[in-house]
Amino acid sequence: MLKLQTLEDTNRLASAIGAVALAGDNLVLTGDLGTGKTTLTKGIAKSLGIHRTIKSPTYTIIREYLEGRIPLYHMDVYRVENGASDLGLDEYFEGDGLCVIEWGNLLQEALPLDYLELTFKRTEETEQARELTFSAHGKRASDFQKRILERWSA
């Protein structure tokens, strides 16, 4: 578990993720509404060298940002009720960029086989304080988590 006390901590984590992400990495973000999933994604995009405005793709499902160090595929599947396996997301999961999937836990069997899940939970300490739990699903995800935490600790 990782404790983020401030927005600066969240941005520092986003910076670490963006710095070590490799093409083909998949990051699933889960947690209640307003816990920082999109904020983290904005920071990751910035760290990748993407300067466009990052918006939550709640109604479009996916937004592609191709101008960074590696492409960022930002997905929000909160409104996907059925047919997730018909969306063609596999092409992104196995593609040339980093996939960040908000509410990815809702995809269930349509999730990639290998992904790193970050679960956000508010704490009572401050308005911006969060506890973040990492769950690696697969070898690639374990390696991704290790790279992130090494960068975070440096």
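- Comment: Asp25 engages Arg140 in a salt bridge, judged by a side-chain N to carboxylate O separation of less than 4.0 angstrom.
- In this structure, Leu149 CG and Phe134 CZ are separated by 4.5 Å, a value rounded to the nearest 0.5 Å.
- Residues Tyr73 and Leu98 form no side-chain contact, since every pair of their non-hydrogen atoms from C-beta on lies 4.5 Å or further apart.
- Residues Leu33 and Trp103 have side chains in contact (heavy-atom distance under 4.5 Å, counting atoms from C-beta outward).
- At a threshold of 4.0 Å, the pair Asp143-Arg147 does not count as salt-bridged, since none of the basic side-chain nitrogens sits closer than that to a carboxylate oxygen.
- Under the side-chain hydrogen bond (donor to acceptor under 3.5 Å, both in side chains) criterion, Glu117 pairs with Thr30, not counting sequence neighbours.
- In this structure, Leu113 places its CG atom where only 12 or fewer heavy-atom neighbours from other residues, nucleotides or ligands lie under 6.0 Å away.
- For the pair Leu13/Asp9, no side-chain contact is recorded, criterion being any heavy-atom separation below 4.5 Å from C-beta on.
- Taking OG1 of Thr10 as the start and CD of Gln5 as the end, the distance is 10.0 Å to the nearest 0.5 Å.
- Between Leu4 and Trp152, the shortest heavy-atom distance links the atoms CD2-CH2, 3.7 Å.
- Side-chain contact between Ile70 and Leu48: present, with at least one pair of heavy atoms (C-beta onward) separated by less than 4.5 Å.
- The nearest pair of heavy atoms linking Ala136 to Gln145 is CB-OE1, 3.5 Å.
- Of the inter-residue distances, the one linking Thr38 atom OG1 with Glu102 atom CD reads 3.5 Å to the nearest 0.5 angstrom.
- Under a 3.5 Å cut-off, the side chain of Arg122 and the backbone N or O of Asp32 do not form any donor-acceptor pair.
- Here Arg52 contributes atom CZ and Arg63 contributes atom CZ; the two are 8.5 Å apart, rounded to the nearest 0.5 Å.
- In this structure, Ile62 is a member of the same hydrophobic cluster as Leu66, with clusters built from ILVMFWY side-chain heavy atoms closer than 4.5 Å.
- Contact of the Leu27 side chain with the Ile44 side chain is registered, since non-hydrogen atoms from C-beta on lie closer than 4.5 Å.
- The heavy-atom pair separating Ser47 from Ser15 by the smallest distance is OG-O, 3.0 Å.
- Pro71 places none of its side-chain heavy atoms less than 4.5 Å from the side chain of Glu64.
- Rounded to the nearest 0.5 angstrom, Lys37 NZ and Ile101 CD1 are separated by 13.5 Å.
- Here the closest heavy-atom approach between residue Ala21 and residue Arg69 is recorded as O-NH2, 2.8 Å.
- The side-chain heavy atoms of Phe144 and Asn26, taken from C-beta on, include no pair separated by under 4.5 Å.
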Please step through side-chain contact (heavy atoms from CB on, under 4.5 Å) for the pair Val100 and Ile17, ending with a clear verdict. CA-CA 11 Å; Val100 176; Ile17 293 170; over 6 Å; no
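- Atom-to-atom distance recorded for Arg130:CZ and Thr123:OG1 is 7.5 Å, nearest 0.5 angstrom.
- Contact detail for Ala16 and Ile148: the closest heavy-atom pair is CB-O, 4.1 Å.
- Side-chain atoms of Asp114 come within 3.5 Å of backbone atoms of Ala141 as a donor-acceptor pair (strictly under, hydrogens ignored).
- Linking Ile, Leu, Val, Met, Phe, Trp and Tyr whenever their side-chain heavy atoms come within less than 4.5 Å puts Leu2 and Leu40 in one cluster.
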